[in-house]
> 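The structure that follows is given in the form of structure tokens.
Here the structure is a predicted model, which means the values were calculated and not measured. The chain is numbered in sequence order, starting from 1.
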Amino acid sequence: GIRDIGVTGVQTCALPIFIGFIQVPSMTAEANAVKAGAEAIGLEVELKPIPADTYINLFIDPKFREGVDGWFTLNYPDDADPLSLYSSLAIPGAPQNYNGYSNDQVTKDISDARMTADPDQRAQLVVDAQKIITEELPWIPMSFPNNVNVTSTSISGQVASFTYMFAPWANSLGGVG
């Protein structure tokens with residue numbers, strides 16, 4: 001089991017662990033990889049396929065989440081500031097804090113960072129909160145998908161990052177030459 005490989009400080013949980021997923025090839029592969037990895041360290045995981053048209057209910061309906069310990073999502077902050085993402089999942093009452101995670105120091109660091117104008121002090125508060133969050137894992141990032149950008153040498157100004165989700169990227173397109 002997990003303790004047999006020298007991992008200490010592990011909190012016990014009810015087994016099996018139920019993981020929800022949509023039955024599409026990429027998510028099915030991810031779910032099976034997580035299940036195999038968990039079983040390799042002695043955890044029992046059961047996969048729970050959820051129809052795509054009801055998957056949104058995991059995010060908005062606590063009753064729908066009953067019997068599901070975790071699920072897959074493509075998550076991203078609305079801007080390049082990590083504080084945005086941490087604020088949405090690592091403080092009590094946050095919109096993505098589905099498991100009720102609470103750590104007084106994380107809440108204080110995030111709150112103080114929001115009110116700190118000095119960029120160096122603010123960055124240190126975010127790093128302090130991040131250190132705790134990445135140790136306690138209220139949310140477990142698994143992968144960072146590639147952002148595919150196919151363009152032509154005759155076009156300039158294309159956005160090569162995830163900002164296309166929220167920015168008027170087409171305004172910056174132009175010709176070369």
> Which atoms form the tightest heavy-atom contact between Gly175 and Ser156, and what is the distance?
O-OG, 3.7 Å
> Going by the salt bridge (charged side-chain N to carboxylate O under 4.0 Å, His left out) test, which pairs reach into residues 90-112, not counting sequence neighbours?
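Listed once each, the pairs are Lys108-Asp112.
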> Given side-chain hydrogen bond (donor to acceptor under 3.5 Å, both in side chains), test Thr116 with Gln121 step by step and report yes or no.
CA-CA 7 Å; Thr116 301; Gln121 291 176 351; 5.2 Å; no
> Can you tell me how far the CD1 atom of Ile110 sits from the CD atom of Gln130, to the nearest 0.5 Å?
10.5 Å
> Measure the CZ-OG1 distance between Phe21 and Thr73 for me, rounded to the nearest 0.5 Å.
15.0 Å
> How about Gln96 and Ser88: does a side-chain donor come under 3.5 Å of a side-chain acceptor?
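Yes, Ser88 and Gln96 have a side-chain donor paired with an acceptor closer than 3.5 Å.
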> Which value, rounded to the nearest 0.5 Å, describes the distance between Asn99 atom CG and Asn97 atom CG?
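If I round to the nearest 0.5 Å, the distance is 5.5 Å.
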> Quick one: hydrophobic cluster around Leu137, which other residues, with the 4.5 Å side-chain cut-off, linked directly or via members?
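Leu137 shares its hydrophobic cluster with Ile140.
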> Let me confirm one number: the CD1-CG distance from Ile133 to Leu89, rounded to the nearest 0.5 Å.
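The CD1 atom of Ile133 sits 6.5 Å away from the CG atom of Leu89.
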> Could you tell me if the side chain of Asp69 sits less than 4.5 Å from the side chain of Ile19, heavy atoms only?
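Ile19 vs Asp69: side chains apart.
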> What side-chain donor-acceptor pairs closer than 3.5 Å can you find for residues 46-54, not counting sequence neighbours?
unit_1 : atom_1 : unit_2 : atom_2 : d
Thr54  : OG1    : Pro51  : O      : 3.1

> Show the numbers, then the answer: is there a side-chain hydrogen bond (donor to acceptor under 3.5 Å, both in side chains) between Gln124 and Asp120?
CA-CA 6 Å; Gln124 186 58 57; Asp120 293 330; over 6 Å; no
> Measuring from Ser102:OG to Ile91:CD1, what's the distance to the nearest 0.5 Å?
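Spacing of OG (Ser102) from CD1 (Ile91) equals 10.0 Å.
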> Quick test of your reading: applying ring pair (Phe, Tyr, Trp, His ring centres under 6.0 Å), list the pairs with at least one residue in residues 111-135, sequence neighbours left out, ordered by first then second residue.
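Listed by first then second residue: nothing to list.
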> Transitively linked via ILVMFWY side-chain contacts under 4.5 Å: Val126 with Ile132?
yes
> Among Ile22, Thr28, Val34, Leu58, which residue meets the side chain to side chain contact (heavy atoms under 4.5 Å, CB included) test with Phe72?
Val34
> Looking at side-chain heavy atoms only, is the closest gap between Leu83 and Arg122 below 4.5 Å?
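Result yes, sub-4.5 Å side-chain heavy-atom pair found.
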> Using a 4.5 Å cut-off on heavy atoms from C-beta on, say whether the side chain of Leu43 contacts that of Ile17.
yes
> Would a 4.5 Å heavy-atom cut-off, applied to side chains only, mark Pro62 and Arg65 as touching?
yes
> For Gly20 and Val68, work out which heavy atoms get closest and say how close.
N-CG1, 3.8 Å
> Can you name the residues that form a ring-ring contact (aromatic ring centres under 6.0 Å, His included) with Phe59, not counting sequence neighbours?
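So Phe59 forms a ring-ring contact (aromatic ring centres under 6.0 Å, His included) with Trp71.
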> Nearest 0.5 angstrom please: Tyr86 OH to Asp81 CG, how far?
10.0 Å
> Would a hydrophobic clustering, with Ile, Leu, Val, Met, Phe, Trp and Tyr connected at side-chain separations under 4.5 Å, put Tyr98 with Val106?
no
> Answer whether the closest heavy-atom distance between the side chains of Val45 and Phe18 falls below 4.5 Å.
no
> Under the salt bridge (Lys or Arg N to Asp or Glu O under 4.0 Å) rule, collect the residues that match up with Glu135, sequence neighbours excluded.
Lys131
